[in-house]
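A short worksheet on the structure shown next.
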2 protein chains.
Amino acid sequence: MSERPEQRKDPVDAIIEQWAKVRPDLDTTAMEVFGRVNRLSIAMADRVTKAYAAFGISRGEFDVLATLRRSGEPYTLSPRQLSATLMLTTGGMTGRLDKLERAGLLRRSPDPHDRRGLHVTLTDKGLALVDEAVGVGLAAQTEALSALDPEQAGHLADLLRKLLRSTEG
Amino acid sequence: MSERPEQRKDPVDAIIEQWAKVRPDLDTTAMEVFGRVNRLSIAMADRVTKAYAAFGISRGEFDVLATLRRSGEPYTLSPRQLSATLMLTTGGMTGRLDKLERAGLLRRSPDPHDRRGLHVTLTDKGLALVDEAVGVGLAAQTEALSALDPEQAGHLADLLRKLLRSTEG
DNA sequence: AGAAAGTAGCTTAGCGCTAAGCAACTTTCC
DNA sequence: GGAAAGTTGCTTAGCGCTAAGCTACTTTCT
């Protein structure tokens, strides 16, 4: 058994103890991991949302701009590519694009080769905004991660990768 | 430096590499953790949702039943207590209670001491359902966690607890 | 080559959540 | 002791996402 120093309890521990009282037969080990993964995901979503709100955009809208930015010059993708990358239905994408286009952060133009198709391109304003926002969002996450020292953080990332690869694959 | 065996890449690694190409100045370390936390949370929500769907309830509805179950006899709480525990607005709770009451899984009754108040109580049918569903949901999570050996899982749980305590606190 | 079936692409209707609103009790201050 | 301010408790309106629907292109079969 590796050393596992006693830590103070967290809300997940409390839930697990309650289950132990009323259903001592249950094996709640998996909750130790996935209960915390869920709560962390929610808590961080909240923080990052606030970071982007300073730029007048939502988390989902940031994701659209970031995907275009990451794709490199000329910062152009189709709505199809965007919704596939963000694991979103095309309907959800339409709404986001509407709002971002109204804000002048991106531009829709017809695809010259496919009369059905569309091009979505970052405007200069959109490029400038996403380049600044990505730094602020990362800073919020980096600050939260500083609760762990670099070695622990690296170890955590590796364990999560292993779990994720088996879960998504 | 502790040993960190090379692992095959995952989608988060791909995103990080893309950022490195177009914005090499960014420190994306925190994404290694929180990107995966997010994706794991989504992937598992999906699986667990499917597990509960077999019982005709959603994840959120299960949470209501489970909270009542965990509270022990007589399986009664107020809507207020439920929404506080589940970090939900009372509005969201109203809808869930409506549906669960229609399905005969719980019952609303007036609080005898407070004419504003309400009691929410698990029915026999609700108790039986949640007792079965909790096992199935846990099994889905346990199966996913089996990608790690018990020592790794314990270590992961500890790291997550530490991170969560600093994030939520 | 022409037509019919299939596929890809995008905008419009239902659902679930948060935010405002309304009712009942409690407390505090004079 | 009474009234006003505050608190607690719950149902009704806006927002964002997924699921159905419609249009345009493509492919395949005769």
Side-chain angles (χ1 to χ4, degrees), chain A residues 38-39 41-43 45-50 52-53 56-65 67-68 76-103 105-121, chain B residues 38-39 41-43 45-50 52-53 56-65 67-68 76-103 105-121:
Chain A
N38 275 326
R39 294 185 75 114
S41 177
I42 292 169
D46 205 63
R47 291 200 188 186
V48 171
T49 297
K50 276 177 185 138
Y52 297 147
I57 58 174
S58 73
R59 194 174 146 62
E61 287 154 14
F62 171 82
D63 288 342
V64 174
L65 300 179
T67 302
L68 288 166
T76 299
L77 294 170
S78 69
R80 187 42 146 171
Q81 290 173 303
L82 284 168
S83 53
T85 303
L86 299 177
M87 299 204 289
L88 205 70
T89 60
T90 55
M93 191 52 63
T94 299
R96 289 190 190 177
L97 294 178
D98 284 350
K99 202 168 160 206
L100 289 167
E101 188 169 35
R102 272 198 302 276
L105 301 174
L106 54 78
R107 187 168 10 95
R108 281 193 260 213
S109 53
D111 181 334
H113 298 307
D114 186 342
R115 194 136 55 101
R116 300 169 305 175
L118 222 56
H119 281 344
V120 175
T121 304
Chain B
N38 275 326
R39 296 185 74 115
S41 178
I42 293 169
D46 205 61
R47 290 201 190 187
V48 171
T49 297
K50 276 176 186 140
Y52 297 146
I57 57 175
S58 74
R59 194 174 147 62
E61 287 153 13
F62 171 82
D63 288 341
V64 173
L65 300 179
T67 303
L68 288 166
T76 298
L77 294 169
S78 69
R80 185 42 146 171
Q81 290 173 302
L82 284 168
S83 54
T85 303
L86 299 176
M87 299 204 289
L88 206 69
T89 60
T90 55
M93 192 51 64
T94 299
R96 289 190 191 178
L97 294 179
D98 283 350
K99 203 170 158 204
L100 289 167
E101 189 170 34
R102 271 199 302 275
L105 301 174
L106 53 79
R107 186 168 10 94
R108 281 193 260 213
S109 53
D111 182 334
H113 298 308
D114 186 343
R115 196 137 51 100
R116 300 169 304 177
L118 222 56
H119 281 343
V120 175
T121 305

Walk me through whether A/Val64 and A/Met93 qualify under side-chain contact (heavy atoms from CB on, under 4.5 Å). CA-CA 9 Å; A/Val64 174; A/Met93 191 52 63; 4.1 Å; yes

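- Side-chain nitrogen and oxygen atoms of A/Thr90 include none within less than 4.0 Å of the OP1 or OP2 phosphate oxygen of C/dC10.
- At the phosphate of C/dC25, OP1 or OP2 sits under 4.0 Å from a side-chain N or O atom of B/Arg115.
- Here B/Asn38 contributes atom CG and A/Ser41 contributes atom OG; the two are 4.0 Å apart, rounded to the nearest 0.5 Å.
- Between the P atom of C/dT26 and the CG atom of B/Asp114 lies a distance of 6 Å, rounded to the nearest Å.
- Computed from coordinates, the A/Arg59 CZ to D/dG16 P distance equals 15 Å when rounded to whole Å.
- Side-chain proximity of A/Lys99 to D/dC25, D/dG16, D/dA19: nearest is D/dG16.
- Among the heavy atoms of the strands, none lies under 4.0 Å from A/Gly95.
- Protein atom CD of A/Glu101 is 14 Å distant from nucleotide atom C1' of C/dT11, rounded to whole Å.
- Within the model, atoms NE2 of A/His119 and CG of A/Leu106 stand 14.0 Å from one another, a figure rounded to the nearest 0.5 Å.
- Regarding A/Met93, its CE atom lies at a distance of 14 Å from the P atom of D/dG16, rounded to whole Å.
- Of the residues in residues 80-88 of chain B, those lying under 4.0 Å from DNA chain D by heavy-atom distance are B/Arg80.
- Atom C1' of nucleotide D/dT12 and atom CG of B/Asp98 are separated by 12 Å, given to the nearest angstrom.
- At least one donor-acceptor pair closer than 3.5 Å links the side chain of B/Arg96 to the backbone N or O of B/Gly60.
- Put simply, CG on A/Leu97 and CG on A/Leu118 are 8.0 Å apart, with the number rounded to the nearest 0.5 Å.
- Here A/Thr89 does not reach the OP1 or OP2 of D/dA19: none of its side-chain N or O atoms lies under 4.0 Å away.
- When rounded to the nearest whole Å, the span between CG of B/Leu118 and C1' of C/dC25 equals 15 Å.
- Atom CG in A/Asp46 sits 9.5 Å away from atom CD1 in A/Ile42 (nearest 0.5 Å).
- B/Arg108 comes within contact range of the sugar-phosphate backbone alone, with a heavy-atom separation under 4.0 Å but no base atom that close.
- Following rounding to the nearest Å, A/Ile57 (CD1) and D/dG16 (C1') show an atom-to-atom distance of 16 Å.
- At whole-Å resolution of the value, CZ in A/Arg116 and C1' in D/dC25 are 4 Å apart.
- Remark: side-chain polar atoms of B/Glu61 are not paired, donor with acceptor, to backbone N or O of B/Leu100 under 3.5 angstrom.
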